[in-house]
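A, B, ... follow the sequence lines: proteins, then strands. Residue 1 opens every chain. Just so it is clear, the values below take in all heavy atoms, side chains as well, and ignore hydrogens, waters and symmetry mates.
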Amino acid sequence: MRPATVLTCAIGLAGLVWLGEARSEYADVVLNRNSEAAGVRPVIYPHWFHRIRFRCKVCHHELGFIMRAGANRITMGDIYQGKFCGMCHDNEIAWGLENCGLCHSGRAGLKSGIQGGHKTLGPGRW
Amino acid sequence: MALLLVATLALGTCASKPPVTPEIAGPANPVRDAGKIRSADGREWRRLAADGLHDPQNDMLQFLQQPAEALGALPKGGPDGNQVDWAAALRTGAIEPRTNILPGTEIRVLDLDIVFTETAGQPYVVFPHRQHTEWLDCANCHPAIFIARRGANDFGMLDVLNGDYCGQCHGAVSFPLTECRRCHSRDK
């Protein structure tokens with residue numbers, strides 16, 4: 001077998017291993033500032049699911065979510081009062097707050113932040 | 001020895017003709033990897049239970065929509081990101097996301113292209129306000145990210161790669177920075 005073929009195969013195998021890694025969907029956000037400390041699973045917020053149904057401006061303009069992961073100090077108290085997620089998750093527009101596990105759906109120990117292979121961590125990644 | 005055997009088999013497979021992938025119809029059919037779901041056009045998305053974030057022990061997981069169920073029906077985008085061309089999804093009516101929740105919100109859409117010509121060796125960047133304001137309000141970008149005056153924003157690709165300016169969204173939630181020609185779209 002020619003060296004070039006071996007090299008190609010090695011790269012291909014490495015690629016397959018890489019693809020085999022667990023990888024969440026692009027722009028999923030983990031919220032775990034308070035969740036686990038309060039005894040519930042971290043929240044997984046999927047951008048893809050929401051942007052099919054709402055334009056960015058609904059949450060990031062009308063509802064006031066700052067467009068930077070970690071910048072919004074969200075509490076269940078605020079949500080119960082109709083702020084943040086509570087603006088829609090009211091059993092009218094979207095499912096209500098009694099369905100804890102639909103949002104608090106993450107594994108234990110997840111770090112807060114935007115997930116799913118985002119590429120703006122800096123030039124070191126390129 | 002076993003490792004050597006596996007490696008040999010793998011190399012042998014690799015060196016032969018690529019296997020023909022059977023045509024899988026519909027997004028609901030699981031294929032080789034049970035952790036993924038494949039759409040009719042060959043795109044694959046991880047199941048929520050296998051994505052490394054969701055807890056497979058969560059009883060409520062079964063009620064959540066799988067990415068492949070929703071995204072598999074939308075116009076195909078680049079291989080990174082969500083694999084969806086979201087601008088095309090909106091333009092073609094494949095999705096009809098709400099513009100507002102509050103009844104009094106003014107919906108502002110601006111049809112104005114800005115051409116960035118200082119792009120070193122790359123093609124010019126054409127920034128279309130229309131596609132952006134279909135999704136966002138003016139106040140999302142102006143004035144916090146961009147000063148609303150032509151020539152007033154001095155930034156480069158390094159800033160974008162660092163997550164500033166365009167990089168605040170592109171590379172995190174909007175189409176990724178690997179799709180160069182979608183922004184650098186006008187030849188010099």
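Here the side chain of A/His47 pairs a donor or acceptor atom with the backbone of A/Ala27 at under 3.5 angstrom. For the pair A/Asp78 (side chain) and A/Gly82 (backbone), a donor-acceptor distance under 3.5 Å is absent. At distances below 3.5 Å, at least one donor-acceptor pair connects side-chain atoms of A/Glu36 with backbone N or O atoms of A/Gly109.
Contact annotation for B/Gln62: neither backbone nor side-chain heavy atoms come within less than 4.5 Å of a heavy atom of chain A. Both the backbone and the side chain of A/Ile52 come within contact range of chain B, judged by heavy atoms closer than 4.5 Å. Both the backbone and the side chain of A/Leu102 come within contact range of chain B, with heavy atoms under 4.5 Å apart. Proximity to chain B (any heavy atom under 4.5 Å) is restricted, for A/Asp28, to the side chain, taken from C-beta onward. If you measure heavy-atom distances from A/His50 to chain B, you find no contacts under 4.5 Å at all. At a 4.5 Å heavy-atom cutoff, the contact between A/Cys88 and chain B is made by side-chain atoms alone. Neither the backbone nor the side chain of B/Ala73 comes within contact range of chain A; no heavy atoms are under 4.5 Å apart. At a 4.5 Å heavy-atom cutoff, the contact between A/Phe54 and chain B is made by backbone and side-chain atoms alike. With a 4.5 Å cut-off on non-hydrogen atoms, B/Leu71 touches chain A through its side chain but not through its backbone. Within the 4.5 angstrom heavy-atom criterion, atoms from both the backbone and the side chain of A/Arg53 approach chain B.
More than 12 heavy atoms of other shown residues, nucleotides or ligands fall within 6.0 angstrom of atom CD in B/Gln65. More than 12 heavy atoms of other residues, nucleotides or ligands sit less than 6.0 Å from atom CG of A/Asn91.
Taking the six-membered ring where tryptophan is involved, the planes of B/Phe155 and B/Tyr165 are essentially parallel, since the angle between them stays under 30° and well short of 60°.
The NE2 atom of A/His61 lies 7.0 Å from the CG atom of B/Asn140; values are rounded to the nearest 0.5 Å. The CD atom of B/Glu44 sits 10.0 Å away from the CD1 atom of B/Ile37 when rounded to the nearest 0.5 Å. Atom CZ of A/Phe84 and atom CD1 of A/Ile74 lie 5.5 Å apart (nearest 0.5 Å). B/Ile101 contributes atom CD1, which lies 4.0 Å from atom CD1 of A/Ile93 (distance to the nearest 0.5 angstrom).
Note on A/Arg41 versus B/Asp55: salt bridge recorded, some NZ/NE/NH1/NH2 to OD/OE distance being below 4.0 Å. In summary, B/Arg181 and B/Asp187 engage in a salt bridge, as defined by a charged side-chain N under 4.0 Å from a carboxylate O. Ionic pairing of B/Arg108 and B/Asp137 is present here: one or more N-O contacts between side-chain nitrogen and carboxylate oxygen are shorter than 4.0 angstrom. In this structure, A/Lys83 does not pair ionically with A/Asp90, as no charged nitrogen and carboxylate oxygen lie closer than 4.0 Å.
Heavy-atom neighbours of chain A within the stretch residues 86-93 of chain B, taken at a separation under 4.5 angstrom, comprise B/Trp86, B/Leu90. Of all residues spanning residues 111-135 of chain B, those with a heavy atom less than 4.5 Å away from chain A's heavy atoms are B/Thr133, B/Glu134, B/Trp135, arranged by number.
A/Trp95 and A/Cys103 get closest at one heavy-atom pair: NE1-SG, 3.5 Å.
Of the residues considered (A/Met67, A/His60, A/Arg51), A/Arg51 shows the highest number of contacts with chain B, using heavy-atom pairs under 4.5 Å. Most heavy-atom pairs under 4.5 Å with chain A, from the set B/Asn82, B/Ile95, B/Leu136: that is B/Asn82. The residue among A/Ser105, A/Gly101, A/Gly106 with the most heavy atom pairs within less than 4.5 Å of chain B is A/Ser105.
A/Glu62 and B/Thr105 form a side-chain donor-acceptor contact under 3.5 Å, judged by distance and modelled atom types alone.
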